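Notes follow the structure.
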Amino acid sequence: MNMIIRPVLPDFSALKADNLLMIANYSILIIITVLASLGVSTLAANKWNGNKGKTALAFIAVTLIFTLLLICFFGCSAITVRGIIFCLILLVSSYSDIRTRECSDWLHVMILIAAFIGCDFANLPNMFVSAMFVGGIMLMTLLIFNCDIGGADIKCAVACSFLLGLERGIIALVGSMFTALLFNAFKDKEKRRGGFPLIPYLSAGYLAVYLI
C-alpha cells in the first residue's frame, strides 16, 4: 500500500494576524499623535499670538518625525508614549521661550509627571541625583560666569534630567549648551548682548539623547 506523504506547510495566518495588529497599533498611535500635536499647537498659538498654520505644521512635523524614530527604537511601548508626551511638552516650552523668553512652571511639572510613565522605581534615586547634579551645574555656571541662564532654563534642565537619569542627563546638558554656544557665537555683538532663548536648544539635546 503506497503512502502519500504531504509536506506540512507553516501556518501563516497567525503571523499575518500579528502583523495586522501591529500595523493597526502603530497607525492608531500615529493618528493620535498628529491630532494631539494639532491641538497643542493651536492652544500654543492662541496663548502666545502665533501663526496657527505655521505653528501647527512645525509641531506636527517635529512630533511625527520623533514618533517614527521612537517606534523604530522602542516599538509600541510605554517608552514611546512617554517620549511623545515629552516631545509635545518641550515643543510648547520652546515655543513659549521663543515668543516671550519665559516658560511656565506647570510645563516643568508636567515633565516630572511624564517621567513616571513606564518608570522603573528602582531608578528613582538615580533620577533624583541627576536632577540635583544638573541643577547644581547650571547654578554654578550662572554664578561664576554671570551668563544669561534664566530660572526657566534651569528648571527645564532639572526636569528633563530627572526624566533621563544621571548619565544621559549630563550628556544632553553638555550637548545642548555646546550647540547653543556654537550657533550663537557667530551673531554680532548687539544680538548676543540681548541673549537668546535656551530652552529650544535644551529641548533638541534632551530629545536626541532620549533615543539612546
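By convention here, the first residue in the shown sequence is residue 1. Predicted model only: the values in this text are computed from it and were never measured. All values below come from the heavy atoms of this structure, side chains included, with hydrogens, waters and symmetry mates left out.
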| message | Contact between Cys160 and Ile111 at the side-chain level, heavy atoms closer than 4.5 Å - yes or no? | response | yes
| request: Please work out which of the three classes, parallel, tilted or perpendicular, describes the rings of Phe183 and Tyr201, given edges at 30° and 60°. | output: tilted
| Interatomic spacing from CG in Leu107 to OG in Ser93 - rounded to 0.5 Å | 4.0 Å
| task | Check whether any side-chain heavy atom of Ile85 lies under 4.5 Å from a side-chain heavy atom of Met110, and answer yes or no. | result | no
| query | So if you build clusters from Ile, Leu, Val, Met, Phe, Trp, Tyr with side-chain heavy-atom gaps below 4.5 Å, do Leu29 and Phe73 land together? | reply | yes
| query | Out of curiosity, does Met132 fall in the hydrophobic cluster containing Leu202 (side-chain heavy atoms, cut-off under 4.5 Å, transitive links)? | reply | no
| message | Are Leu90 and Trp106 linked, directly or through intermediate hydrophobic residues, by side-chain heavy-atom contacts shorter than 4.5 Å (ILVMFWY only)? | response | yes
| request: Mind checking the OG1-CD1 spacing from Thr67 to Ile32? Nearest 0.5 Å is all I need. | output: 11.0 Å
List, one per line, each side-chain donor-acceptor pair under 3.5 Å for residues 54-64, sequence neighbours excluded.
unit_1, atom_1, unit_2, atom_2, d
Thr55, OG1, Asn51, O, 2.6
Thr55, OG1, Tyr95, OH, 3.1
Thr63, OG1, Ser37, OG, 3.3
Thr63, OG1, Phe59, O, 2.7

| Members other than Phe116 in its cluster, when Ile, Leu, Val, Met, Phe, Trp, Tyr link by side-chain heavy atoms under 4.5 Å? | Leu112, Phe121, Leu124, Met127, Phe128, Phe162
| note | One should read off an interatomic distance between Arg99 CZ and Asn49 CG, to the nearest 0.5 angstrom, of 6.5 Å
| said: Under 4.5 Å between side-chain heavy atoms, counting indirect links through other Ile/Leu/Val/Met/Phe/Trp/Tyr residues: same cluster for Ile23 and Ile31 or not? | reply: no
| Glu167 side chain near Asn126 side chain, heavy-atom distance below 4.5 Å | no
| said: Using a 3.5 Å distance criterion without hydrogens, assess whether the side chain of Ser41 forms a donor-acceptor pair with backbone atoms of Leu38. | reply: yes
| said: Do Leu164 and Ser130 have side chains that approach each other closer than 4.5 Å (heavy atoms only, starting at C-beta)? | reply: no
| field | Tyr210 side chain vs Ile79 backbone, donor-acceptor pair below 3.5 Å | value | yes
| Is it true that a side-chain atom of Thr100 and a backbone atom of Ser96 form a donor plus acceptor pair closer than 3.5 Å? | yes
| task | Without swapping roles, check the side chain of Asp153 against the backbone of Gly150 for a donor-acceptor pair under 3.5 Å. | result | yes
| Distance (rounded to the nearest 0.5 Å) between Phe74 CZ and Leu211 CG | 6.0 Å
| In one Ile/Leu/Val/Met/Phe/Trp/Tyr side-chain cluster, 4.5 Å: Leu70, Leu35 | no
| note | Applying ring pair (Phe, Tyr, Trp, His ring centres under 6.0 Å) to Tyr206 and not counting sequence neighbours gives none
| remark: From the list Val92, Ile199, Leu198, side-chain contact (heavy atoms from CB on, under 4.5 Å) partner of Cys103 resolves to Ile199
| query | So, do Ile149 and Met177 sit near enough that their side-chain heavy atoms are less than 4.5 Å apart? | reply | yes
